[in-house]
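Here's the structure, in structure tokens; my notes come after.
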Protein chains: 2
Amino acid sequence: MTEDIINVAIVEDEDEIRGLLEQIIDRSPGFSCKHVYKDCESAIESIKDARPDVVLMDIQLPGINGIEGIKILKDQMPDTDFIMLTIRDEEGVIFQSLCAGATGYLLKETPPVKLLAAIREVREGGSPMSPGIARKIAMSFHPSAENPLTPREKEVLTRLTDGENYATISDKLFISGNTVRAHIKNIYRKLHVSSRAEAVVAAIKKNLI
Amino acid sequence: MTEDIINVAIVEDEDEIRGLLEQIIDRSPGFSCKHVYKDCESAIESIKDARPDVVLMDIQLPGINGIEGIKILKDQMPDTDFIMLTIRDEEGVIFQSLCAGATGYLLKETPPVKLLAAIREVREGGSPMSPGIARKIAMSFHPSAENPLTPREKEVLTRLTDGENYATISDKLFISGNTVRAHIKNIYRKLHVSSRAEAVVAAIKKNLI
DNA sequence: TGCAAAATACCCCATACGGGCTATTGCACA
DNA sequence: TGTGCAATAGCCCGTATGGGGTATTTTGCA
């Protein structure tokens, strides 16, 4: 399954960086880099011929950005692994990249030897991440530090995410429907929402339950 | 902030493995391992004296398991980093561990030199993961492969997750409220749910939007 | 060119839901 | 010892929501 030579493509608008990366990769044993693009538009047009194993993708690009680019390219080449290679480390772009289909996320400060190791790793079923990036991803699963809900409210909210209604919740918790309503009203007030749908979204996105 | 010597604690029930880990770590320059426990109960009781920088935590333990153990210990020591060290690589336990507060996740097959590197990495703001584990986490963000929803249904579902009601959605999409209802009915049927709350939970958990 | 799916639109009807109130009990902390 | 919060419980009321239908137009693919 794994080719001897890993076929790498690059999408990067800055000529100098692109050239440098191309040389580093193409001159390293076990790697080949014959397809480089300076924007997503050209990559989308001709990358089907390249059939790369791995694509190194910048985020800030003229025209279609790297995140939108991955959505399009990953769709065409589901077996290709995409590694973001960028200076941007804000949570927003990290999670947008992963949601678009990126499998790795490296900062441009990554030294060449680590970059090559990352390309190998992603082909071997890993998911190379710069340390600070990996930490942000792990933290995104951690329980929320400031959770305004009481234990009972968490209990009720959990059941709301399971789609239970007033009657079911009051049955299972052995309390009256009016009390369930009281808890839900308090949850809404604390989370600044006014419907079950908003409440469960807030609960999941902020790791409240 | 960073101590010269990293103070490591271990929670592991198998005597042999625990002893081996203790020796590997304690005999390595830059590391200290003076606090080892064979279950979470003993760790909870006396770990406050240890004040470890890093805890290596097994999952399968007699009594309180490693996941529940982290919930309790992380609460008491929020600045301590917890690394799961386990043979288990099922998605369930991986995400449960992260949600409990784990920052790293290593398989027991990890060679000593990599284990030590991981302990250093977690203290330097990283989040060490065995390659296959990291991949599973990255994949959890990827768009769902089999998404039964049409583009319009995705659009409507996205707005449901934003807490919009029939009227707002029909206004913004320039379609009648009846059409919005028709889309929502189709969404419910395809996702096997029967309420907004369930639909938005399914949408988020299965990366449908 | 024709079929299937998608997107649009409408109807009836019961009820689960959300907003606005008030009230009691028990516990903890000051 | 009282102030505050959590948890419990009740009431009224309007409406947004969900289940059951049917029908038309547009779009995309074979």
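Excluded from the calculations below are hydrogen atoms, water molecules and symmetry mates; all remaining heavy atoms, backbone and side chain alike, are included. Note on naming: letters A, B, ... go to the chains in the order of the sequence lines (proteins, then strands), and numbering restarts at 1 for each one.
dA7(D) atom P lies 17 Å from atom NZ of Lys185(A), rounded to whole Å. As a whole-Å value, the separation of Glu153(A) CD from dT8(D) C1' is 13 Å. As rounded to whole Å, 13 Å separates atom P of dG19(D) from atom CD1 of Ile187(B). Atom pair Leu173(A):CG and dA7(D):P shows a separation of 11 Å (rounding to whole Å applied). To the nearest angstrom, P of dA7(D) lies 15 Å from CD1 of Ile169(A). Atom CG of Leu160(B) is separated from atom P of dA16(D) by 15 Å (rounded to the nearest Å). A straight line from CG of Leu149(A) to P of dC5(D) spans 16 Å, rounded to a whole angstrom. Atom P of nucleotide dA7(D) and atom CG of Leu157(A) are separated by 13 Å, given to the nearest angstrom.
Residue contacts shown for Thr150(B) are limited to sugar-phosphate atoms, with no base heavy atom under 4.0 Å away.
Chain B approaches DNA chain C within less than 4.0 angstrom (heavy atoms of the protein), and the contacting nucleotides run 5' to 3' from dA6(C) to dC12(C).
Nearest to the side chain of Arg196(B), among dG18(D), dA9(D), dG21(D), sits dG18(D). Here the side chain of Ser176(A) is nearest to one of dG10(D), dT8(D), dG21(D), namely dG10(D). Among dA6(D), dA9(D), dC12(D), the nucleotide with an atom closest to any side-chain atom of Lys190(A) is dA6(D). Comparing dA7(D), dG21(D), dC12(D) by their nearest atom to the side chain of Arg152(A) picks out dA7(D).
In this structure, a donor-acceptor pair under 3.5 Å is absent between the side chains of Ser42(A) and Glu45(A). A donor-acceptor pair shorter than 3.5 Å can be found between the side chains of Asn186(A) and Arg189(A). Counted by atom type alone, Thr158(A) and Thr161(A) present zero donor-acceptor pairs between their side chains at under 3.5 Å.
No salt bridge links Asp162(B) with Arg159(B); every basic N to acidic carboxylate O contact stays at or beyond 4.0 Å.
Side-chain nitrogen and oxygen atoms of Tyr166(B) include none within less than 4.0 Å of the OP1 or OP2 phosphate oxygen of dT17(D). The phosphate of dA9(D) has neither OP1 nor OP2 within less than 4.0 Å of any side-chain N or O from Asn178(A).
Within the cation-pi definition used here (under 6.0 Å to the ring centroid, within 45° of the axis), Arg181(B) does not qualify as a partner of Tyr188(B).
Between Ala167(B) and Arg181(A), the residue whose closest nucleotide on DNA chain D is further toward the 5' end is Arg181(A). Of the residues near DNA chain C, Ala182(B) and Ser195(A), the one whose nearest nucleotide (by heavy atom distance) lies more toward the 5' end is Ala182(B).
Other residues, nucleotides and ligands contribute more than 12 heavy atoms inside 6.0 Å of the NZ atom of Lys108(B).
The closest side-chain heavy-atom distance from His35(A) to Arg51(A) is not below 4.5 Å.
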